Amino acid sequence: MRATPHKALAASAFAIAALVAAALPATSAAAAPAACTPAQVVANGGFEGGASPWTQSQTGLITNRTGQSAHGGTYFAWLNGVGSTHTDTLSQSVTIPSGCSSASLTFWMHVDTAETTTSTKYDKLTAKIGTTTLATYSNLDKNTGYVQKSFDVSAFAGQTVSLAFTGTEDSSLKTNFVLDDIALDTSGGTTPPGDSTRTPAAPAYTVSLSSDAAGTVWTGHQSASFTNTSATPLGEVYLRLWDNYHGTCAAMPIVVSNVTGGTAGALSVNCTALKIDLPAPLTQGQSATIGFDLGITVPSGADRFGHDGAFSFIGNALPVLAVRDGAGWHLDPYTNNGESFYSLAADFSVALDHPSGLLVPATGASVDTPGTSGRTVTTATASKVRDFAWAAGPFSKISGTSAAGTPVNVYSVSGISAADSQSMLTTAKSAVDAHSARFGAYPYGELDAVIDNNFWFGGMEYPGFVLDLVSTTALTHEIAHQWWYGIVGDDQYNNPWLDEAFTDYATDLAQNKTGASCWNSTSWASSAEKISNSMAYWDTHSSRYSTVIYGYGKCALHDLRRVLGDTAMAKLLKDYATSHWYGVSTTAEFKAAAQAATTTDLTSFWTTHRIDG
């Protein structure tokens, strides 16, 4: 979200040169970091960045061809599946930092086979690090989906070794070994949380809703399927009913009833969290589905959840699963100052039955089919998105396609001129291509922009769907959020700078701004004020939120670019996006990636720029 008015940085307290100088080591020799910085050392582990730096025994092992599917993204590594004597090898050289006391290799594997035996291992896949065999799998390990494998490789700290997967087949009956999302995480110094796996994972939401004549009341049913990827059993889940913030517990805009697949517990966090106890705890790898009836009542007001006359904006209205990680369940309160949202990439299939006179732009790719008399069913499907939003109203719509091939639609409320709508279409096409070139191809098919100059908040991002004013800068910003929080997720309540600062930096780059006057005037309000502060802090210091998170945050990234150099910074961000594609970013992971991109010790840089974590 881009707050408006976006607070300008005032005139000169300490200059860029002073900041960059503070970030540099005191001597000409490069200083090594004092301790292990947690890092993920496998490059392009999700294969979304092409083949490099993997070595393939033959071209095409890294692929998106039909016949198999990815665990995340669209690409994967497909070994064997030939049905005759054959060997495939996939490898990469990795360096495990010497200061790290813990290193864990994980990968997701799917096996299917034409072999019929239940006892003989005819076809095999071997995972090795260095000369050590970690495991050997075979046709007997066939499964219906992906399974995650994990290995402690801490013994290889300080070494550069080959990570290799070798698949062999015998003379008949093929076996497919499919790999994806390979990672090698290092840490040290402190004991990591006992369970740091984010769960429930791989959510899939199926929704069917019908609206009233105005598009402000929606009723129907929703189901949510998910898997426990954590070693800790999952005995309950929480649904986030975020938009109950916009009402009261006595008159909730979002009502969940008739829960199946679990037992509804008490509402909490001002009725924005609903606990659902599962019939039995799910162990690691087990899946479940819950269902419920859903009622949505859109309040009056030009808001991210509200209606401006005949035009409804319906963001954060579908209940989504809360995340449990090493810190426990994340049940943070709603903030109207920024965002509270922390969710894992999910699949949505949403059918919206509405009067045919209403246009219904939505997250994902939409198809309209005739409904009952005078009604239309808009079915929207979206893959690997963190949320789902839509709008409903008698919008004016114009469409185009970006130079790189992304379909773009602009929906305008009454009062927006044709010239302004066309200007926003031009901006959207330019922005989506600019961000794609820097951070990776836009993966969500079409992009919808809904324009209303009455939005008090400026703009708001959802996957494939943004709300905005007539503003070139704001729309470029919201579209950049498709990468920074949409594709590369983060905990927006506890780490707002990871999406807002990165998005404002991306906006500067798209508009050819260098941040040369970034620090013309800087005045920290207190020693407690930091770029990395959470929304809990900013909700009690709201007048400073925009200045520090958007302004100082993007300026810190401009400074980092000056330390690393333009080319290295561009590579850092593209590689970081690739390695976190559909995943979750943390401050510690970004700092580790930045440190790995330079021989300069960045410890003082983070301190000077007040970025902790």
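Computed from a predicted model, the values in this text were never measured in an experiment.
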* Asked: Counting only N and O atoms by type, is there a donor-acceptor contact under 3.5 Å from the side chain of Gln222 to the main-chain atoms of Tyr205?
  -> no

* **Polar side-chain atom of Gln92 near backbone of Ala43 as donor-acceptor pair, under 3.5 Å** => yes

Between [Y] and [X], is there a side-chain donor-acceptor contact under 3.5 Å, judged purely by atom types and distance?
X      : Y      : result
Asp112 : Asn176 : yes
Asp433 : His435 : no
Asp368 : Thr378 : yes
His481 : Thr503 : yes
Thr227 : Ser287 : yes
Thr89  : Ser57  : no
Thr272 : Arg240 : yes
Glu169 : Thr85  : no
His330 : Asp325 : yes
His580 : Gln40  : no
Trp484 : Glu500 : no
Arg65  : Tyr75  : no
Asn228 : Thr199 : yes

Nearest heavy-atom neighbours spanning [X] and [Y]:
X      : Y      : result
Tyr462 : Gln482 : O-NE2, 2.8 Å
Phe226 : Leu234 : CE1-CD2, 4.2 Å
Ala322 : Leu331 : CB-CD2, 4.0 Å

* Residue Lys574 excluded, over 12 heavy atoms near NZ under 6.0 Å -> yes

How many angstroms lie between [atom1] in [X] and [atom2] in [Y], if you round to the nearest 0.5 Å?
X      : Y      : atom1 : atom2 : answer
Leu209 : Asp293 : CG    : CG    : 10.5 Å
Asn316 : Phe388 : CG    : CZ    : 12.5 Å
Ser585 : Asp490 : OG    : CG    : 6.5 Å
Arg386 : Thr363 : CZ    : OG1   : 13.0 Å
Phe502 : Trp497 : CZ    : CH2   : 4.0 Å
Lys149 : Leu105 : NZ    : CG    : 12.5 Å

* Show the numbers, then the answer: is there a ring-ring contact (aromatic ring centres under 6.0 Å, His included) between Phe465 and Trp390? => CA-CA 8 Å; Phe465 176 99; Trp390 73 100; 8.9 Å; no

* To do: Would you check, one step at a time, whether the test ring-ring contact (aromatic ring centres under 6.0 Å, His included) holds for Tyr576 with Phe439?
  => CA-CA 9 Å; Tyr576 190 78; Phe439 310 124; over 10 Å; no

* Would you check, one step at a time, whether the test side-chain hydrogen bond (donor to acceptor under 3.5 Å, both in side chains) holds for Asp332 with Ser340? => CA-CA 7 Å; Asp332 298 305; Ser340 299; over 6 Å; no

* Output yes when Asp123 and Lys121 qualify as a salt bridge under the 4.0 Å nitrogen-oxygen rule, no when they do not. => no

* Residue among Asp347, Thr206, Thr289 satisfying side-chain hydrogen bond (donor to acceptor under 3.5 Å, both in side chains) with Ser225 -> Thr289

* Go through the steps to decide whether Thr74 and Glu48 satisfy the test side-chain hydrogen bond (donor to acceptor under 3.5 Å, both in side chains), and finish with yes or no. => CA-CA 7 Å; Thr74 56; Glu48 301 301 320; 3.2 Å; yes

